[in-house]
Structures are given as structure tokens and as C-alpha cells.
Q: 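Structure incoming, see below.
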Amino acid sequence: MKQEYTAIILAAGKGSRMRTDCPKQFLELAGKPVICYSLEAFEKSPVDHIILVSGEDSLEYCRTEIVDKYGFRKIKNIVAGGQERYDSVWAGLQYVKSDYVLIHDGARPFVTQEIIQRTMSEAAKTGSCVVGMPVKDTIKVTDQENYAVRTPDRKCLWQVQTPQAFATEKIRAAYAAVLGARHAADVITDDAMILEHATGEKVKLIQGSYRNIKITTKEDLLIASAFIENSCQKSVDINRK
């Protein structure tokens, strides 16, 4: 029997670090909203369904200016998210009926088909996996006064990205357990931590891409624009040959 996959795309963030009135996922990037790039990637992927989670006040915008305008056919539900990221994921999980779920930040526009398919494959093997990349810089652990107290071996350090993929019932049960003990959720920053906190289970890390950046600041938007410009130039050069 064919296993089914659903992608939850998160677009409920306010983007306070971007310091703009428009949420970062709806800012224009090379002529279209940032969120469209992630949605296009999953639309073209083997994923069966997409659930788009937005802010309550952005539901109609997502329906008319994103889904209808760009013709996304795999988006089955547009759901209002919550105050925190984990609230938004939990809202999306209520609509997932497939065997596996991939959770992705809508502000990561450069997720590729290769990354998505590798994530799907690994989740089916191990039950859970997270995309990431080894860190390039030395990392310091500091005390409350910002004095360095420890330098961990960077060979063991990864910067975590999305998508993060899980067997649906496993991650849904983990979310229910952690959100039930609300105080525990305050330290949660990604979906893998939910599973780790609830079950103690180890989550497999698989390689993503250093280009799979999350647009959080204005500098990130400039980097993203440069990536697209570079890709367009390469396409022009190939067509000329």
C-alpha cells in the first residue's frame, strides 16, 4: 500500500526581526511572495497534500493572493496558526491524515526537490528525521555575563533547518504530551525537540543545503535575492551555449 505524505507549511510568523509591517513570508522576492517558493517546491514534489498555516488575519490573503493566484492544487487546508510556532504546528497537525508529515518554514524559499525526497525517504526508514548542515564557525557557550565557558567540538554541531519529517501519529502524540504540560513547551524551538522531550527518542539528522536559509532579517532577503539572480544568470548562460 502506498504511503501518503503531507507537508505543513508554516506562514503564521509576524517577522518582528525583519522590522517591517508585512510578515516576512509575504514580502516580495524577485516578483512574488517569499512563501510561494516553498509552496512551489512542495507542489512539484511527491508529497500528496499541503496544509498552509497562516495568521488569523492572513487567511483570506493566502486564499486569494497565494493559493488562487498561483494555482496551488495540493493545498487542501488553510489553517489559522497560534501565538508560537509550536501552536501553529499543532493546528496543522489536526488536519493531517497521511502516514508521514513534513513540517517546513514558509520563510525558507530554497528547499529543493532533492532535499524533500531525501527527507521523505529517511522518515519512512527511521520514523523521524531533520534536515541540517554542519556548522562552519567555532561556537562558544557563554555564561549570563557573556564570558565564554565552553567551546564544543564543531565536528558534532549542526545548524538545524527544515523540513523536519515524522511518522504522523508519533509526532502528534508527542505534541499532545508536551503541549499538555504547557511549561515544557516554553523551551521548544523545533519539532525534533518535541519528540525528544516527549519520548527521549533520537532524531536522525540528514544533509540539507547551506542555501536552505531562513529569511529572518533584511540581510537574509538580500542574500536570497542574490541567490535568485545568480540562478537566473546561470540559466541564461546555459541557454546561450
Q: Let's go through R108 and Y37 carefully: what are the C-alpha distance in whole Å and the side-chain angles of both, what is the deciding distance for side-chain contact (heavy atoms from CB on, under 4.5 Å) to 0.1 Å, and is it a yes or a no?
A: CA-CA 8 Å; R108 289 189 188 271; Y37 293 90; over 6 Å; no
Q: Are L10 and V89 side-chain neighbours, meaning at least one heavy-atom pair lies under 4.5 Å?
A: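 Heavy-atom side-chain distance check passes, below 4.5 Å.
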Q: Using a 4.5 Å cut-off on heavy atoms from C-beta on, say whether the side chain of M133 contacts that of Q207.
A: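 Side chain of Q207 against side chain of M133, heavy atoms only: contact under 4.5 Å found.
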Q: Would you say S121's side chain and Q117's backbone share a donor-acceptor pair under 3.5 angstrom?
A: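 It does not hold such a pair.
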Q: Can D191 and R85 be counted as an ion pair, charged N to O under 4.0 angstrom?
A: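 Looking at D191 and R85, the cut-off is met.
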Q: When T6 is tested against each of I51, V47, L93 for side-chain contact (heavy atoms from CB on, under 4.5 Å), which residue passes?
A: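 When I51, V47, L93 are each tested with T6, the side-chain contact (heavy atoms from CB on, under 4.5 Å) holds only for I51.
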Q: Does NZ belonging to K32 count more than 12 external heavy atoms closer than 6.0 Å?
A: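 Correct, the count exceeds 12.
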Q: Are K69 and E65 packed together at the side-chain level, in the sense that at least one heavy-atom pair is separated by less than 4.5 angstrom?
A: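 Yes, their side chains come closer than 4.5 Å.
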Q: If you group Ile, Leu, Val, Met, Phe, Trp and Tyr by side-chain heavy-atom gaps below 4.5 Å, do L27 and I35 land in one group?
A: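 No.
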Q: Would you say that Y100 contacts M120 through its side chain, given a criterion of any heavy-atom pair below 4.5 Å between the two side chains?
A: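 Answer no - side chains too far apart.
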Q: In terms of heavy-atom contacts, does CD of E56 have more than 12 from other residues, nucleotides or ligands at under 6.0 Å?
A: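 It does not: E56 CD has 12 such atoms or fewer within range.
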Q: Would one find more than 12 heavy atoms of other residues, nucleotides or ligands at under 6.0 Å from atom OH of Y95?
A: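 Atom OH in Y95 is not packed in, count stays at 12 or less.
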Q: What is the minimum heavy-atom distance between V135 and I139, and which atoms define it?
A: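 Result for this residue pair: CG2-CG1, 4.3 Å.
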Q: Taking all non-hydrogen atoms of both residues into account, name the closest pair between A41 and I116 and its distance.
A: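 Where A41 meets I116 most closely, the heavy atoms are O-CD1, 3.8 Å.
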Q: When you group the ILVMFWY residues by side-chain heavy-atom contacts below 4.5 Å and let the links chain together, are I75 and V53 in the same group?
A: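 Cluster IDs for V53 and I75 differ.
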Q: Calculate, to the nearest 0.5 Å, the distance between atoms SG and CG belonging to C129 and L102 respectively.
A: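 CG of L102 is found 7.0 Å from SG of C129.
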Q: Testing the 3.5 Å rule here: is there a donor-acceptor pair between the side chains of E114 and T112?
A: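 No pair is found: no donor N or O on one side chain lies under 3.5 Å from an acceptor on the other.
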Q: Kindly give the heavy-atom pair with the smallest separation between H49 and E4, and that separation in Å.
A: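 The answer is NE2-OE1, 3.5 Å.
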Q: Should Y86 and V101 be counted in the same cluster of Ile, Leu, Val, Met, Phe, Trp and Tyr side chains packed under 4.5 Å apart?
A: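 Linked within one cluster.
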Q: Using every non-hydrogen atom in the two residues, find where A224 and I215 come nearest and quote the distance to one decimal.
A: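 Closest approach of A224 to I215, heavy atoms only: CB-CD1, 3.7 Å.
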Q: Among the clusters formed by ILVMFWY side chains lying less than 4.5 Å apart, do I50 and Y70 turn up in the same one?
A: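 Per the 4.5 Å side-chain linkage, I50 and Y70 are co-clustered.
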Q: Can you see which heavy atom on N212 is nearest to which on V111, and at what distance?
A: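 Smallest interatomic distance, heavy atoms only, reads OD1-N, 3.7 Å.
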Q: Tell me if the CD atom of E60 is crowded by more than 12 foreign heavy atoms within 6.0 Å.
A: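 Atom CD in E60 is packed in, count exceeds 12.
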Q: If you define the side chain from C-beta out and look only at heavy atoms, does anything of Y61 sit under 4.5 Å from P33?
A: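 Yes - at least one pair of side-chain heavy atoms lies under 4.5 Å apart.
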Q: When you compare the side chain of F26 with that of S58, does any pair of heavy atoms fall below 4.5 Å?
A: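 Yes, their side chains come closer than 4.5 Å.
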Q: Using every non-hydrogen atom in the two residues, find where D190 and Q164 come nearest and quote the distance to one decimal.
A: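 Taking every non-hydrogen atom into account, OD2-NE2, 3.0 Å.
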Q: With a 4.5 Å cut-off on side-chain heavy atoms, are S128 and I171 touching?
A: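 No, too far: nothing below the 4.5 Å cut-off.
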Q: Given I78 and I66, is the side-chain contact (heavy atoms from CB on, under 4.5 Å) satisfied, shown in steps?
A: CA-CA 11 Å; I78 305 174; I66 302 295; over 6 Å; no
Q: With under 30° as parallel and over 60° as perpendicular, where do the rings of F42 and H104 fit, or are they tilted in between?
A: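 Aromatic pair F42/H104 classed tilted.
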Q: Are Y175 and V130 grouped together when hydrophobic residues (ILVMFWY) are joined by side-chain heavy atoms under 4.5 angstrom apart?
A: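 Looking at the clustering, V130 is in the same group as Y175.
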Q: Please examine the side chains of D220 and K214, heavy atoms only from C-beta on, and report whether any two atoms are closer than 4.5 Å.
A: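 Heavy-atom side-chain distance check fails, nothing below 4.5 Å.
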Q: Charged N to carboxylate O below 4.0 Å: is that the case for D48 and K2?
A: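 Yes, D48 and K2 are salt-bridged.
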